[in-house]
Amino acid sequence: MTLPMHQDAAAAAAAVLRRTRMILLLLLLMFSLSSFPSVTAECPEKCLCIEEIFFCHKKGLDRIPDRIPPAIKVLDLSYNEIMDIESLAHLTELETLNLSNNNISELKHGAFANLSKLQSLMLSNNNISELKHGGFANLSELQILYLDNNKIENIETGAFNNLTSLKVLHLDYNNIHKLDLEMFKGLRKLDKLFLDHNMIRHIPPGTIDSLTSLSLLWLDHNPLTCDCNILLFVNVLKKSYPQRDVLWDNDPSCHFPVEMKEKSLKEITKNDFNCTSPDVIVVPENKTVSVGEQLQLSCKVVGDPEPYITWAKDDIDLELGKRVQVFQNNTLIISKVEKTDGGKYKCVASNYLGRKSFEAMVNVNGLAKNGSKTMFRIIRLIIGFSCLFIILANYLIYNGISNIVKNVLLLLFL
């Protein structure tokens, strides 16, 4: 029984030896090419090029080289001084792009739009402060995205929307303060998400609901406020991924409130909080206003998590604009009321523990008070001018004016 085992071991050793020789030959080839950069005719100056793989790292480049063949699949431009992303539109076969450790500060709309086959994009260690909608347009094949160690503070809604194949997303070591409810929407294949070492304090309910493939989430080293929203977030993790410890061993902990500082998210329970459904403090009242006036409806509620308030008219959500506004205290104000503004208004308050609504009827009169005053002034002017004309007509009639003129004046003024 031992002989076959020795034979297998010998075969394995021989295979390892062959692989080692191949690696050494490849290294020798790379060394040779680096010594004679003119070996590849299309290879940009200072770069090392091996068929479809171009290495231009640590070459002191301040811009992306122009002479890059369109058929390449791997381009390494890391550890340079590049500031702008340009001259990439023709690289339609590119699968891996490394721009880490440069001086890039902005990702312009459509910067990678022609790189539809790109699978890996590395932008670590740059000066990017904002991710705008459209910055990753047309990258539907992208699977790995590194954005760690930048200065990212703001991520626009929809910045990652079209990254439908994305599996790994690094946003760690940035200055992200808040997470948007729509931030990760559509990333159904995302497997690993790194958000550690940021400034995140709150996690809104529903933030990761669409991440159905998530297996690893790093959240440590954030100043998290442990409240009812965080409790819901933890409960969703446990419910959505019952067979997986998504938080693994990174063990994020509470930073606020003080009495919960350093407490692991895995350990918090409903007994740590007093979570309540929405309750009313001030309800909107029935009102009657006139056209042109201002309508103001108040709605104040309490609850933990803080209830989210919306307004509706006749069971249709209000469209906010310059004339129709909802302020921070959730007061609805409609300026220059129109006749069509009359109807049933509803204030809806909700959090994950419940939902309550409060109604008020608004009647709109045809004329505003200012409109009535204006109409009264007009009527007074008409009466005044009529009296004046009557007096003038009588004067002319009794002072010898002709019968024809008399008749005209009588028709006009009497």
Side-chain angles (χ1 to χ4, degrees), residues 157-158 161 177-188 200-212 214 217 224-242 246 254 256-257 260 265 268-287 289 295-321 323-334 337 340-363:
T157 300
N161 267 8
H177 285 75
K178 63 177 182 177
L179 301 180
D180 189 281
L181 272 175
E182 304 290 319
M183 187 175 291
F184 306 118
K185 188 175 181 180
L187 304 184
R188 298 192 178 278
I200 300 167
R201 291 191 61 172
H202 301 282
I203 303 178
T207 301
I208 64 165
D209 286 4
S210 63
L211 305 183
T212 53
L214 193 67
L217 173 63
L224 295 171
T225 298
C226 283
D227 53 15
C228 292
N229 280 329
I230 286 281
L231 176 63
L232 174 62
F233 169 74
V234 173
N235 288 339
V236 167
L237 284 181
K238 293 176 181 177
K239 183 178 179 181
S240 300
Y241 316 101
V246 175
C254 306
F256 301 104
M260 295 188 68
L265 292 195
I268 63 174
T269 68
K270 63 180 181 181
N271 297 326
D272 293 313
F273 312 99
N274 183 28
C275 305
T276 58
S277 61
D279 196 12
V280 61
I281 296 178
V282 177
V283 297
E285 298 178 348
N286 297 336
K287 288 195 174 181
V289 293
L295 170 65
Q296 179 173 318
L297 294 174
S298 298
C299 183
K300 294 183 180 180
V301 295
V302 292
D304 194 358
E306 182 179 354
Y308 177 69
I309 291 181
T310 58
W311 284 91
K313 175 181 173 287
D314 297 328
D315 295 320
I316 300 173
D317 290 343
L318 277 176
E319 289 188 15
L320 304 182
R323 197 176 66 88
V324 181
Q325 296 178 310
V326 176
F327 290 84
Q328 273 192 330
N329 62 357
N330 298 309
T331 298
L332 171 66
I333 292 182
I334 300 178
V337 168
T340 55
D341 289 326
K344 180 180 69 176
Y345 284 78
K346 183 186 291 185
C347 163
V348 182
S350 56
N351 63 20
Y352 75 89
L353 291 172
R355 180 178 181 273
K356 285 187 179 179
S357 61
F358 316 97
E359 297 179 357
M361 287 300 301
V362 172
N363 296 309

Chi angles and distances behind the side chain to side chain contact (heavy atoms under 4.5 Å, CB included) call for Asn330, Cys347:
CA-CA 9 Å; Asn330 298 309; Cys347 163; over 6 Å; no

Val362/Asp341 under side chain to side chain contact (heavy atoms under 4.5 Å, CB included): CA gap, chis, key distance, verdict:
CA-CA 8 Å; Val362 172; Asp341 289 326; 5.9 Å; no

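Results of the side chain to side chain contact (heavy atoms under 4.5 Å, CB included) test with Ile203 over Val234, Leu224, Asp227, Asn229 single out Leu224 as the only residue that passes.
The CG atom of Leu214 lies 7.5 Å from the CG atom of Leu237; values are rounded to the nearest 0.5 Å. The line from CD1 of Ile200 to NZ of Lys178 is 12.5 Å long, rounded to the nearest 0.5 Å. Between the CG atom of Leu211 and the CE atom of Met183 there is a distance of 11.5 Å, given to the nearest 0.5 Å. How far CG of Leu295 is from CD1 of Ile334: 5.0 Å, rounded to the nearest 0.5 Å. In this structure, the separation between OG1 on Thr212 and CG on Leu187 is 10.0 Å, given to the nearest 0.5 Å. To the nearest 0.5 Å, atoms SG (Cys226) and NE2 (His202) are separated by 11.0 Å.
Within the 4.5 Å cutoff, the side chain of Cys254 has heavy atoms near those of the Leu265 side chain. In this structure the side chain of Thr225 never reaches within 4.5 angstrom of the side chain of Ile230, judged on heavy atoms.
In this structure, Asn161 has no side-chain hydrogen bond (donor to acceptor under 3.5 Å, both in side chains) partners at least two apart in sequence or on a different chain. Contacts of Val236 classified as side chain to side chain contact (heavy atoms under 4.5 Å, CB included), with partners at least two apart in sequence or in another chain: Asp209, Leu232, Ser240. Residues satisfying the side-chain hydrogen bond (donor to acceptor under 3.5 Å, both in side chains) test with Thr157, not counting sequence neighbours, are Asp180. For the side-chain hydrogen bond (donor to acceptor under 3.5 Å, both in side chains) test, no residue two or more places apart in sequence or in another chain qualifies with Thr207.
Scanning both residues, Val283 and Val280, for their nearest heavy atoms gives CG1-CG2, 3.0 Å. The two atoms that bring Gln296 and Thr331 nearest to each other are CG-CG2, 3.6 Å, heavy atoms only. The minimum heavy-atom distance linking Leu181 with Pro205 is given by the pair CD2-O, 2.8 Å.
The environment of Arg188 atom CZ is sparse: at most 12 non-hydrogen atoms of other residues, nucleotides or ligands sit within 6.0 angstrom. Other residues, nucleotides and ligands contribute only 12 or fewer heavy atoms inside 6.0 Å of the NZ atom of Lys300. No more than 12 heavy atoms of other residues, nucleotides or ligands sit less than 6.0 Å from atom CD of Glu285.
Listed by first and then second residue, the side chain to side chain donor-acceptor pair (under 3.5 Å) pairs involving residues 304-316 are Asp315-Lys346 (not counting sequence neighbours).
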Which pairs would a plain distance check flag for residues 348-361, meaning a side-chain donor or acceptor within less than 3.5 Å of a matching protein atom at least two apart in sequence or in another chain?
residue	atom	partner	partner atom	Å
Asn351	OD1	Leu353	N	2.9
Asn351	OD1	Gly354	N	3.2
Asn351	ND2	Thr276	O	3.0
Asn351	ND2	Pro305	O	2.9
Tyr352	OH	Cys228	O	3.4
Lys356	NZ	Pro278	O	3.4

